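Take a look at the structure below.
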Amino acid sequence: IATSLLLARFPSLEVIPKSLLKFISLTNFTYGIRSITYFIEAINYKSFIGKELVASKMGLPFKSEQLFLDSNLARHIVVPDDGNKNIASLWNEIYDEKGSVVIKEQ
């Protein structure tokens with residue numbers, strides 16, 4: 001689903017950061033596909049360079065948990081209430097993972 005939504009937003013996209021797909025798969029989105037769509041729409045269009053998304057330019061509000069909680073995106077992502085990791089720390093942990101996924105061959 002995530003790759004289809006990313007291709008709808010960025011039609012000539014061929015390469016996605018593995019960390020982005022992992023974050024989407026590990027995150028509990030409040031309204032399912034509608035919230036995943038909102039999340040993908042929040043990705044800064046300037047992060048689409050060439051035929052790939054550049055994670056460092058996505059502009060998502062995950063520099064701190066407070067920045068995330070103050071954003072509209074907070075309504076679309078379920079914050080864990082078990083005292084474990086918060087959303088910003090989950091993103092930052094996954095963000096450091098290297099690698100890309102080719103979703104469309106030339």
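These numbers come from a predicted model, not from an experiment.
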side-chain hydrogen bond (donor to acceptor under 3.5 Å, both in side chains) contacts touching residues 15-33 (sequence neighbours left out):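 Matches after skipping sequence neighbours: K22-E97.
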Pairs touching residues 53-70 that satisfy side-chain hydrogen bond (donor to acceptor under 3.5 Å, both in side chains), sequence neighbours left out: Q66-D70
Same cluster (ILVMFWY, side-chain, under 4.5 Å), L90 and L67: no
Any residue meeting ring-ring contact (aromatic ring centres under 6.0 Å, His included) with F39, in chain and number order, not counting sequence neighbours: F23, F29
Residues in ring-ring contact (aromatic ring centres under 6.0 Å, His included) contact with F48, at least two apart in sequence or another chain: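 So F48 forms a ring-ring contact (aromatic ring centres under 6.0 Å, His included) with F10.
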Partner residues of V15 under the side chain to side chain contact (heavy atoms under 4.5 Å, CB included) criterion, sequence neighbours left out: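 So V15 forms a side chain to side chain contact (heavy atoms under 4.5 Å, CB included) with E52, S100, V102.
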Quick one: pull up [atom1] in [X] and [atom2] in [Y] and give me the separation to the nearest 0.5 Å.
X    : Y   : atom1 : atom2 : result
I36  : S4  : CD1   : OG    : 11.0 Å
L53  : I16 : CG    : CD1   : 6.5 Å
I94  : L26 : CD1   : CG    : 4.5 Å
L13  : L6  : CG    : CG    : 6.0 Å
I103 : T3  : CD1   : OG1   : 6.0 Å
S71  : F62 : OG    : CZ    : 7.0 Å

Salt bridge (charged side-chain N to carboxylate O under 4.0 Å, His left out) involving R9 - partner list, sequence neighbours excluded: E41
Close side-chain approach of [X] to [Y], heavy-atom, < 4.5 Å:
X   : Y   : value
I1  : I24 : no
W91 : M58 : yes
S35 : I77 : no
I87 : L69 : no

Check: V79 main-chain N/O paired with N86 side-chain donor or acceptor under 3.5 Å: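 Looks like no, no N/O pair under 3.5 Å.
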Minimal non-hydrogen separation, R75 against N72, with atom names: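 So the minimum-distance heavy-atom pair works out to NH2-OD1, 2.9 Å.
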